[in-house]
Peer 1: 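Following this message is one structure expressed as structure tokens.
In what follows, every chain begins at residue 1, and chains take the letters A, B, ... in the order their sequences are listed.
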Amino acid sequence: MRKVCVIGIGETRMGRLPDRSLRDLIDEAGHKAIADAGIEKSEIGALYVGNFNASYLCGQGHMGALASEVLGLGSIPTVRTEGACASGSLAFRFGTMAIAAGFYDIVMVGGVEKMTHQPTETVTTGIASAMDYEWEAMQGFTFPGSFAMIANRYFHEYRDVKHEMGLCAYNAHQNAMLNPDAQMPKDVPLAKILGADLIASPLSLFDCSLVTDGAAFVVLAAADVAERVNGAHRVIDIIGTGHAGDALTLAAKPNITSFAASKAAAAQAYGQAGLGPDDIDFAEVHDCFTITQIINTEDLGFFPPGKGGDAVADGVTARDGKKPINVSGGLKAKGHPIGATGISQIYEVVTQLRGDAGARQLKKADIGLSQNLGGTAATCVINIFRGR
Amino acid sequence: MEKAKIYTYSVLMSSTEEFKDRVPYVCAILEGGDGVRFASLVEGYQPGVDVAIGQEVHATGKDAAGKMSFAL
């Protein structure tokens with residue numbers, strides 16, 4: 001297999017962007033990534049675009065062709081990837097594999113989602129299509145409800161970490177204040193977070209990630225090409241990549257306080273990289289809900305099962321902690337433009353590795369990890385990156 | 001199946017277009033006597049009513065789709 005590098009990144013500001021169309025979002029993020037890579041469009045061999053819900057929320061399918069037209073990529077092959085909230089990472093995964101296998105030298109991957117123009121119930125209904133419609137959604141399940149059930153089970157098996165979940169949200173908003181692309185860069189007091197209205201017990205408003213419009217793209221290249229074009233930036237190697245699945249429904253999983261897809265994808269990525277959890281300087285993990293962040297950091301091996309909350313309380317996961325988690329603000333405060341989220345996470349990891357993160361730049365950023373979940377952890381993609 | 005136990009649950013305060021008029025209501029993963037788990041809305045929730053993991057719920061009949069319904 002050939003080695004693959006990230007040579008260009010671009011994203012829009014994340015947020016409620018009523019004046020911006022899908023085309024507009026793709027145009028900005030895609031062209032930023034191409035310009036950042038310093039390549040000609042004619043060098044791009046294929047395009048993979050993650051999108052989850054535009055068919056339902058925007059009446060728009062065939063996203064690969066739409067993005068290709070917007071970016072002026074001509075007759076190259078395009079693919080739209082869909083794996084719920086992991087749709088963007090799937091685009092990244094398949095683009096990486098296509099280069100590794102030798103099909104192309106340069107590939108563009110990205111994601112886009114437009115959600116905020118619809119009423120909350122419509123968005124909730126659209127997102128609920130990522131679960132089993134007949135067995136779960138038609139029993140009244142929602143995603144906040146499903147992760148709330150995971151949280152209650154976690155409280156039962158380990159301990160009540162509602163306070164630590166609030167700290168996750170607090171850290172996310174603090175980090176977002178240093179990110180110009182973040183949707184909610186707000187100094188939200190912990191008391192307000194802990195006192196907010198319940199959405200689905202035990203999750204309250206600030207335990208939930210955001211509804212977001214946004215797009216993010218990256219340009220990938222074979223290592224020899226990256227060395228030729230990447231003059232302006234530190235070369236970023238993809239040193240490990242993992243992708244695993246699990247049963248779609250919550251009821252079919254033997255254990256819901258740890259995600260099997262996450263552990264399997266992590267084992268693949270760590271194995272390829274020849275590294276372990278202790279070698280990772282920082283990570284962007286899938287905090288669709290605050291409890292999910294805590295479980296993810298355990299599944300990634302950063303902390304023992306049931307101890308993820310302690311790590312948050314001890315400040316380990318804060319920006320100035322030993323294992324900074326979601327320095328971007330995460331899905332919680334940077335935003336969760338579903339199909340773009342996996343790429344938005346990678347945008348942050350690459351920005352940190354390059355040393356371009358400005359006020360939120362980490363002192364030690366040589367090896368970073370991204371972890372993106374789809375559904376109630378039925379799909380997981382994990383990538384490990386190293387700056388040369 | 002007459003009875004099942006709550007494996008985990010949540011009280012939902014907001015929901016989809018189809019269920020928004022029913023909040024607050026309980027969603028749960030239930031475990032039947034055979035140990036098989038399944039997703040179910042659990043009827044009969046009122047604010048202030050206790051719900052807990054391990055609690056027994058009882059079958060109330062079948063819904064229009066032929067699925068067994070349960071209540072607290």
Side-chain angles (χ1 to χ4, degrees), chain A residues 56 118-158 160 196-205 207-208 211 247-257 289 291 376, chain B residues 1 4-72:
Chain A
Y56 185 76
Q118 296 283 10
T120 303
E121 289 87 2
T122 306
V123 172
T124 306
T125 304
I127 296 172
S129 71
M131 59 179 69
D132 187 305
Y133 178 76
E134 196 181 332
W135 287 10
E136 295 183 316
M138 291 317 292
Q139 289 297 320
F141 279 39
T142 63
F143 270 95
S146 292
F147 279 95
M149 285 185 257
I150 289 168
N152 265 338
R153 188 71 203 179
Y154 186 98
F155 291 7
H156 177 76
E157 292 183 13
Y158 298 109
D160 183 332
D197 288 343
L198 286 171
I199 301 294
S201 70
L203 303 182
S204 45
L205 182 64
D207 290 309
C208 305
V211 174
L248 178 64
T249 66
L250 261 190
K253 293 179 174 73
N255 178 359
I256 63 169
T257 58
F289 299 93
I291 185 65
T376 42
Chain B
M1 190 194 313
K5 268 188 186 173
I6 294 178
Y7 178 76
T8 190
Y9 73 97
S10 173
V11 182
L12 274 69
M13 307 296 179
S14 76
S15 191
T16 55
E17 287 157 335
E18 198 137 9
F19 286 86
K20 66 182 177 187
D21 296 334
R22 299 180 66 168
V23 298
Y25 64 89
V26 169
C27 276
I29 305 287
L30 301 180
E31 202 165 66
D34 53 4
V36 173
R37 289 181 210 147
F38 55 95
S40 186
L41 189 150
V42 182
E43 311 269 3
Y45 176 76
Q46 298 285 339
V49 167
D50 284 339
V51 187
I53 288 174
Q55 184 174 331
E56 274 197 350
V57 296
H58 61 275
T60 56
K62 288 189 175 176
D63 66 14
K67 190 211 161 278
M68 192 73 83
S69 300
F70 289 86
L72 291 169

Peer 1: Can you tell me how far apart CZ (B/Phe19) and CZ (A/Phe141) are? Round to the nearest 0.5 Å.
Peer 2: 10.0 Å
Peer 1: To the closest 0.5 Å, what do you measure between OH (B/Tyr7) and CG (A/Leu250)?
Peer 2: 9.5 Å
Peer 1: Nearest 0.5 Å, what's the CD-CD distance between A/Glu121 and B/Glu17?
Peer 2: 7.0 Å
Peer 1: Heavy-atom cut-off 4.5 Å, strictly under: side chain, backbone, both or neither for A/Thr122 against chain B?
Peer 2: both
Peer 1: So does B/Lys67 have more than 12 non-hydrogen atoms from other groups sitting under 6.0 Å from NZ?
Peer 2: yes
Peer 1: Can a side-chain donor-acceptor contact be found between B/Glu18 and A/Thr125 if the only test is distance below 3.5 angstrom?
Peer 2: no
Peer 1: Quick check for you: to the nearest 0.5 Å, what is the distance between A/Gln139 atom CD and B/Ile29 atom CD1?
Peer 2: 10.0 Å
Peer 1: For A/Ala137, is it the side chain, the backbone, both, or neither that has a heavy atom closer than 4.5 Å to a heavy atom of chain B?
Peer 2: backbone
Peer 1: Tell me if the CG atom of A/Asp197 is crowded by more than 12 foreign heavy atoms within 6.0 Å.
Peer 2: no
Peer 1: At a heavy-atom separation under 4.5 Å, does B/Ala52 approach chain A through its side chain, its backbone, both, or neither?
Peer 2: neither
Peer 1: To the nearest 0.5 angstrom, please state how far the CD atom of A/Glu157 sits from the CD1 atom of B/Ile53.
Peer 2: 8.0 Å
Peer 1: Please examine the side chains of B/Thr16 and A/Thr142, heavy atoms only from C-beta on, and report whether any two atoms are closer than 4.5 Å.
Peer 2: yes
Peer 1: Report the distance from atom CZ of A/Phe147 to atom OG of B/Ser10, rounding to the nearest 0.5 Å.
Peer 2: 12.5 Å
Peer 1: Does the side chain to side chain contact (heavy atoms under 4.5 Å, CB included) test come out yes or no for A/Ile150 and B/Thr8, once each step is laid out?
Peer 2: CA-CA 7 Å; A/Ile150 289 168; B/Thr8 190; over 6 Å; no
Peer 1: Identify which part of B/Tyr9 has an atom lying under 4.5 Å from any heavy atom of chain A, answering side chain, backbone, both or neither.
Peer 2: both
Peer 1: Checking the side chain of B/Arg37 only, and the main-chain atoms of A/Lys253 only, is there a donor and an acceptor separated by less than 3.5 Å?
Peer 2: yes
